[in-house]
**Q** 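Can you keep this structure in mind? I'll have questions shortly.
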Number of protein chains: 2
Amino acid sequence: MTRAAPERHDDILAAAGRRFAQSGYRGTSLQDIAADVGCSKAAVLYHFTDKKAILAELVARPIDQLRALDERIAAVSSPAEAQRVAAEGFVDLAVQFRRETAFLRGEFPGLLQQPPFSHLQHIPDRLVRAFAGHSDRPAARVAALVILAGIAETCGEFIDLPEAELRPALLALVRRALEPVT
Amino acid sequence: MTRAAPERHDDILAAAGRRFAQSGYRGTSLQDIAADVGCSKAAVLYHFTDKKAILAELVARPIDQLRALDERIAAVSSPAEAQRVAAEGFVDLAVQFRRETAFLRGEFPGLLQQPPFSHLQHIPDRLVRAFAGHSDRPAARVAALVILAGIAETCGEFIDLPEAELRPALLALVRRALEPVT
DNA sequence: AGCATGCCTGACCGATCGGTCAGATGCCGA
DNA sequence: TCGGCATCTGACCGATCGGTCAGGCATGCT
């Protein structure tokens, strides 16, 4: 069965993403990916030079999305508008990013501090500042990141609560924590 | 070089713990562990039946600690005392547990819902209730867990802030979030 | 028709993995 | 001194891994 190259490329990427998220990078063989796609292992290596290349392209996507959100925030004029944009986009993005790259933290600790992931160390700084409303309290800025970034992974691990219910409750709590002291 | 069995046993366990935390379970070979300990791979398999057995014994330890803390909280009389004990013990324990078992989440998702890890789903319930001071707001109880559990992993990943500085700031924030609405 | 190109397959390779096994070594009680 | 047990080693096994290679097959251009 022969398909057009771009579609096969994306099929492999999607299958690899599901497998990596489920069983980790080292726990996923090229044979597994090929079976999901419905082709041979050699076909996978025809579209990607390496197994590493699949991973690299897979993680580049959320990084680009996060960078795009960062630029969108940088483009708006008022801090209030920046906060709104950040609050809307960052939660979903942080949740998605952590869910899709959870296996990286276990198998490759320290990898997120290296390029191209190290971009994240600078981008979230502006994101969180926008989200926390230019708060001077570092605890508030840190907390916004910690809470948001921890939602996806912690939910369903310790807590038996669907993400749909957990997120608004936590968001309300984040907003409250970030309110200025009266 | 021959050592007494209990010491060798613990040496292997300690070496495996470091390796698993660094490179993951599948990323660590028995040869790696043996090299760290200073013995042969067969010697490792003399003290442990399986590679799985090493992992099982490694993760059983923090589970026991968490259960012990739970029993300590159940033993105290007043809710205020329970809250103090929980606040003291749970933060360190949650941080340690998440750091030492971070690789599990990436390589074996869903494992923490199965025995013997599923005990954690019941134990933290009382812990968090004690920590949150019997709050009726579910968001507060959830938040206490989420925040505490997210400290170890998120710190040093996105945030360039040592844990020693991060923890008191977050603890202050947790307490504030849990205060009753005035 | 003939040929080139893109896409894919099955067979194969070396390396590494977890695990087994027979036997060597050292220690300790009889 | 001798036998037995605990501890450990080197050699080895089958399985699986990532990756290579020669060739097959369809399509489309000349």
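So you know, we letter chains A, B, ... as the sequences are listed, proteins then strands, and number each from 1. The shown structure was predicted, so the numbers you read here are calculated from the model rather than taken from an experiment. Quick note: numbers below take in every heavy atom, side chains included, and nothing from hydrogens, waters or symmetry partners.
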**Q** Is B:K41 positioned over the aromatic face of B:Y46, cation under 6.0 angstrom from the ring centre and no more than 45 degrees off axis?
**A** no
**Q** Can you check the B:I12 CD1 to D:dT7 P distance for me, whole Å?
**A**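 Distance check: B:I12 CD1 to D:dT7 P gives 11 Å.
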**Q** State whether A:S29 places a side-chain N or O below 4.0 Å from either non-bridging phosphate oxygen (OP1 or OP2) of D:dC17.
**A** yes
**Q** Tell me the interatomic distance from A:I33, atom CD1, to D:dG18, atom C1', rounded to whole angstroms.
**A**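 Nearest whole value for this atom pair: 11 Å.
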**Q** So, OP1 or OP2 of C:dC7: does either fall under 4.0 Å of a side-chain N or O from A:Y46?
**A** yes
**Q** What integer distance in Å separates A:Q31:CD from C:dG10:P?
**A** 10 Å
**Q** Taking only side-chain nitrogens and oxygens of B:H47, does any of them come within less than 4.0 Å of OP1 or OP2 of D:dA6?
**A**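 Checking B:H47 against D:dA6: no side-chain N or O falls below 4.0 Å of OP1 or OP2.
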**Q** What's the closest nucleotide to the B:L30 side chain, out of D:dT9, D:dG18, C:dG19?
**A**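 Between D:dT9, D:dG18, C:dG19, the one nearest the side chain of B:L30 would be C:dG19.
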**Q** Taking only the side-chain nitrogens and oxygens of B:R8, find out if one of them lies under 4.0 Å from OP1 or OP2 of D:dC8.
**A** yes
**Q** Would you call B:R18-B:D36 a salt bridge at under 4.0 Å N-O?
**A**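 Looking at B:D36 together with B:R18, the answer is no, because their closest N to O distance does not fall below 4.0 Å.
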**Q** So which one's nearest nucleotide on DNA chain D is more toward 5', A:D32 or A:A42?
**A** A:D32
**Q** Rounded to whole Å, please give me the gap between CG in B:D50 and P in C:dC17.
**A** 17 Å
**Q** Test your reading of the model: is there a side-chain donor-acceptor pair from A:R8 to the backbone of A:H47, 3.5 Å cut-off?
**A**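 No.
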**Q** Run the numbers on B:F103 and B:F108 for ring pair (Phe, Tyr, Trp, His ring centres under 6.0 Å), then give the verdict.
**A** CA-CA 8 Å; B:F103 64 93; B:F108 311 102; 7.6 Å; no
**Q** Classify the side chain of A:K51 and the base of D:dG19 as holding, or not holding, a donor-acceptor pair under 3.5 Å.
**A** no
**Q** Quick one: closest heavy-atom pair of B:V37 and B:D11, and the distance?
**A** CG2-O, 3.9 Å
**Q** Mapping A:K41 and B:R26 onto DNA chain C by nearest heavy atom, which one lands closer to the 5' end?
**A**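 Closest to the 5' end, via its nearest nucleotide, is A:K41.
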**Q** If I take atom OH in residue A:Y25 and atom C1' in nucleotide D:dC17, what distance separates them, rounded to the nearest angstrom?
**A**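 Distance, rounded to whole Å: 11 Å.
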**Q** Taking atom P of C:dC17 as reference, at what distance in whole Å does atom CG of B:L45 sit?
**A**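 So the two atoms are 13 Å apart, to the nearest Å.
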